[in-house]
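Take a look at the structure set out below.
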Amino acid sequence: MSTKPDPAPLLIACALGIEHLALRSGDRTGADGPVTVLRTGMGPKAAERSLTRILADPALSEAAVLATGFCAGLAPGMHPGDLVVAEETRDPRGSTPCVGTELLVKELLRTVPGRTVHTGPLTGSDHVVRGHERSDLLATGAIAVDMESAATLHSAVRGGVRPVAAVRVVVDAPEHELVRIGTVRGGISAFRVLRAVLPAFFEWHRSLLLPRR
């Protein structure tokens, strides 16, 4: 009698303790296969180190990788609590295409109804972006920026062929710039959204496990 192979695991990577708290306190039911939530630490170098180290574990050699957490919106009209689903991530080394963007958008709209979901390129930075830097990055076609997603996905695909994606929650935007995450209403709103999105991530992961025709 043939046995069904174990499903590939899902690795969800975030940078900050508050992001990790949101994900750890979210609804973990409905996952197909093992799920690891990794706190990488802040910045692209920390993300790269953490991903390289954890993917060296044979148990995660074929893991799908999803980068998440907070981001800065670049486009006018964005608000704290909006969601960004990356079509690709960018950094000075190039771009990493994301898998299953349309499915993620559909599942996020179902999981957190009433929230706006934006799609487009997500660019990386090695520092917090403020002021005129936002408009400079927007001019490149990017719709949002964070410090870890591009490095996370670059490290993930460098370590082997695997599905990757990035979903970020806007914590500040051109008309809603924050000084510190969690100190004002926008940060609280973003935390609540991030805590609610895990079911959409699990549906994305489940779709990857379906047999290809």
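What you are looking at is a predicted structure, and each value in this text was computed from that prediction instead of being measured.
Residues Leu109 and Arg115 come closest through the heavy atom pair CD2-O, 3.7 Å. Of all heavy-atom pairs spanning Ala8 and His205, the tightest one is O-NE2, 2.8 Å. When all heavy atoms are compared, the tightest approach of Ala59 to Pro9 is O-CG, 3.4 Å. Among all heavy-atom pairs drawn from Leu16 and Arg39, the shortest one is C-NE, 3.7 Å. Gly73 and Val170 make their closest contact through N-CG1, 3.9 Å (heavy atoms, listed as atom of the first residue, atom of the second, distance). In terms of heavy atoms, Ala156 sits closest to Val164 at CB-CG1, 3.9 Å.
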Please walk me through it: do Ile143 and Met78 pass side chain to side chain contact (heavy atoms under 4.5 Å, CB included)?
CA-CA 9 Å; Ile143 63 167; Met78 283 184 159; 4.2 Å; yes
Side chain to side chain contact (heavy atoms under 4.5 Å, CB included) between Val167 and Val197, intermediate numbers included
CA-CA 9 Å; Val167 176; Val197 295; 5.6 Å; no
Take His118 and Asp82 through the test side chain to side chain contact (heavy atoms under 4.5 Å, CB included) and record every step on the way to the result.
CA-CA 8 Å; His118 307 268; Asp82 286 2; 2.9 Å; yes
Could you walk me through whether Arg162 and Leu208 pass the side chain to side chain contact (heavy atoms under 4.5 Å, CB included) test, one step at a time?
CA-CA 10 Å; Arg162 71 183 76 246; Leu208 304 173; over 6 Å; no
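By the side-chain contact (heavy atoms from CB on, under 4.5 Å) test, Ala151 pairs with Pro44, Ala47, Arg93, sequence neighbours left out. The side-chain contact (heavy atoms from CB on, under 4.5 Å) search around Thr36 returns Leu11, Ile54, Leu60, not counting sequence neighbours. Arg90 meets the salt bridge (charged side-chain N to carboxylate O under 4.0 Å, His left out) test with Glu88; sequence neighbours excluded.
Two residues are said to be in side-chain contact when any heavy atoms from C-beta on lie closer than 4.5 Å; Leu198 and Val35 fail this criterion. Taking 4.5 Å as the limit, some side-chain heavy atom of Val37 sits within range of a side-chain heavy atom of Arg24. Considering only heavy atoms from C-beta on, Leu51 comes within 4.5 Å of Leu38 through its side chain. Looking only at side-chain heavy atoms (C-beta outward), Leu55 and Ser155 stay at 4.5 Å or farther from each other. Between Pro76 and Leu138 there is a side-chain heavy-atom pair separated by less than 4.5 Å.
Judged by distance alone, with hydrogens and angles left aside, the side-chain atoms of Arg192 form no donor-acceptor pair with the main-chain N or O of Ala22 at under 3.5 Å. A donor-acceptor pair under 3.5 Å links the side-chain atoms of Ser207 to the main chain of Trp204, judged by distance alone. Between the side chain of Thr101 and the backbone N or O of Ala86, at least one donor-acceptor pair lies under 3.5 Å. Between the Glu19 side chain and the Phe70 main chain, a donor and an acceptor come within less than 3.5 Å of each other. In this structure, Thr111 contributes its side chain and Leu108 its backbone to no donor-acceptor pair below 3.5 Å. Between the Thr40 side chain and the Cys14 main chain, a donor and an acceptor come within less than 3.5 Å of each other. With hydrogens and angles disregarded, no donor-acceptor distance shorter than 3.5 Å links the side chain of Arg168 to the backbone of Val84.
In the hydrophobic cluster analysis, where Ile, Leu, Val, Met, Phe, Trp and Tyr join through side-chain heavy atoms closer than 4.5 angstrom, Leu194 is grouped together with Val85. At a threshold of 4.5 Å between side-chain heavy atoms, the hydrophobic network of Ile, Leu, Val, Met, Phe, Trp and Tyr places Val128 and Val169 in one connected group. The hydrophobic cluster containing Val193 also contains Phe202, counting ILVMFWY residues as joined when their side-chain heavy atoms lie under 4.5 angstrom apart, directly or transitively.
Note that CD1 of Ile12 is 6.0 Å distant from CZ of Phe201, once rounded to the nearest 0.5 Å. For the atom pair CG (Leu74) and CG (Asp136), the distance works out to 10.0 Å, reported to the nearest 0.5 Å. Atoms NE2 and CD, from His127 and Glu133 in turn, are 3.5 Å apart once rounded to the nearest 0.5 Å. In this structure, NE2 on His20 lies 12.0 Å from OG1 on Thr68, to the nearest 0.5 angstrom. Atom OG1 in Thr96 sits 7.0 Å away from atom CG in Asp91 (nearest 0.5 Å). The OG atom of Ser125 sits 10.0 Å away from the CD atom of Glu148 when rounded to the nearest 0.5 Å.
Within a 6.0 Å radius of CD in Glu62, no more than 12 heavy atoms belonging to other residues, nucleotides or ligands are found.
A salt bridge does not link Glu48 to Lys45: none of the charged side-chain nitrogens sits closer than 4.0 Å to a carboxylate oxygen.
With Thr119 as the partner, the side-chain contact (heavy atoms from CB on, under 4.5 Å) test is satisfied by one option alone out of Leu104, Val105, Leu83: Val105.
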